[in-house]
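Take a look at the structure below.
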Amino acid sequence: MDPQREIQMHGHPNRAGWFTAGKVECDPIPPPREHPARIILLGPPGVGKGTQAVRLCARLRACHLSTGDVLRHAQCQHDRSPAMQAAIECMTRGELVAEELIIELVRERAGCLRCQGGFLLDGFPRTLRQAQALDQILADLGIQLDAAVCFELPLDQIVDRLSGRRVCPKCRLTYHVTAQPPSAAGICDGCGAALEQRADDRPESIAVRMKLYEEETQPLLQHYERAGLLVRVMASGSPDEIHLRAIETLQRQIDVPAPIAAPA
Ligand code: AMP
């Protein structure tokens, strides 16, 4: 089933708590689950993590918590703190935001990690230091991670995916100019807004991001491998194929709920 439809059917929360650091309640508040999924998503920029996150969240009934989304959301707000403004400027240049600041942004949102609906954390941690900070935050909350899912793809395919990616600035649906084009060129199928290229998907920013990934994020894989949490998924093929592969692999590690049946 179309993941957006699946999300509508089970009343996916609007993540207000994540965007506002808990100043506003999510609507709806996720119902408690016996085994909430608590997963982090890893993989280089452009590997299709965002697309897979939407599908995985729909299937696992968990919330998509992306640190990049927090920054992009803040970008549209008028009352930005100087620290948030500095973080947004780093993002626009394709650089990583300072460790202390991004860790603080996540710590302020610990309520979302504790949420009984479960979570898929996307974009955090990105460095070993962030992973250690997350370990501490989760230990303080008495919460254990179920898995660290890493999507993998050869470099030339990653560059192609990033440079062709287009996003809707209003409803945040993601497209690709050739692999997943909208029905009308440049227009969002969901809300009709003009699609945009993210500033950090331009060639000069892509080069910076790939170098950072190699240097900073690779050690994370060893960290989670040692903890027995690493689940590797090859991200080649269509989004549906990748999703099925991810579910099959995850089923060996966690309790995956059955898909929501399509209406008769
Ligand atoms: P993403 O949507 O995950 O690709 O994140 C977009 C941008 O937000 C990144 O290129 C960084 O500038 C910033 N960002 C998001 N998460 C982090 C993080 N964990 N550490 C540092 N910077 C981050």
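The basis for the numbers below is simple: all heavy atoms, side chains too, and nothing from hydrogens, waters or symmetry mates. Whatever order the structure lists ligands and atoms in, that order sets their numbers, starting from 1.
- Distances from atom 10 (O) of ligand 1 to the heavy atoms of Leu101, Asp200, Val106, Ile102 put Asp200 nearest.
- Looking at Asp69 and His64, their side chains never bring a donor and an acceptor atom within 3.5 Å of each other.
- Of all protein heavy atoms, the one lying nearest to atom 7 (C) of ligand 1 is Met91 CG, 3.4 Å.
- Smallest separation of non-hydrogen atoms from Ala16 and Thr20: O-OG1, 2.7 Å.
- Those atoms of ligand 1 with a heavy atom of Gln130 less than 4.0 angstrom away are 18 (C), 19 (N), 20 (N), 21 (C).
- At the shortest separation from atom 1 (P) of ligand 1 among protein heavy atoms lies Arg126 NH2, 3.5 Å.
- A side-chain donor-acceptor contact under 3.5 Å links Trp18 to the backbone of Ser66.
- Looking at Gln132 and Gln136, their side chains never bring a donor and an acceptor atom within 3.5 Å of each other.
- A pairwise comparison of heavy atoms in Glu152 and Met234 identifies O-SD, 3.2 Å as the closest pair.
- Thr67 OG1, 2.8 Å is the protein heavy atom nearest to atom 16 (N) of ligand 1.
- For ligand 1, the polar-atom distance check finds no N/O of Ser66 at less than 3.5 Å from any of the ligand's N/O atoms.
- Atoms of ligand 1 lying under 4.0 Å from any heavy atom of Arg209, numbered from 1 in the order shown and given with element: 4 (O).
- With Arg72, Glu95, Arg129 as candidates, the residue nearest to atom 6 (C) of ligand 1 on a non-hydrogen basis is Arg72.
- Looking only at distances, a side-chain donor or acceptor of Arg59 sits under 3.5 Å from a matching main-chain atom of Pro257.
- Counting protein heavy atoms only, atom 22 (N) of ligand 1 is closest to Val97 N, 2.9 Å.
- When heavy-atom distances to ligand 1 are checked against a 4.0 Å cut-off, Leu96 comes that close through both its backbone and its side chain.
- For Cys115 against Arg38, the heavy-atom pair with the smallest separation is O-NH2, 3.5 Å.
- Leu145 is listed as a side-chain neighbour of Tyr224, based on a closest heavy-atom distance under 4.5 Å.
- Ligand 1 places these atoms under 4.0 Å from at least one heavy atom of Leu71: 8 (O), 13 (C), 14 (N).
- Within ligand 1, counting atoms from 1 as listed, the ones closer than 4.0 Å to a heavy atom of Gly123 are 3 (O), 16 (N), 17 (C), 18 (C), 19 (N).
- For the pair Leu221/Cys150, a side-chain contact is recorded, criterion being any heavy-atom separation below 4.5 Å from C-beta on.
- Counting heavy atoms under 4.0 Å from ligand 1, residue Arg198 touches it through the side chain alone.
- Proximity to Phe124 (heavy-atom distance under 4.0 Å) selects the following atoms of ligand 1: 19 (N).
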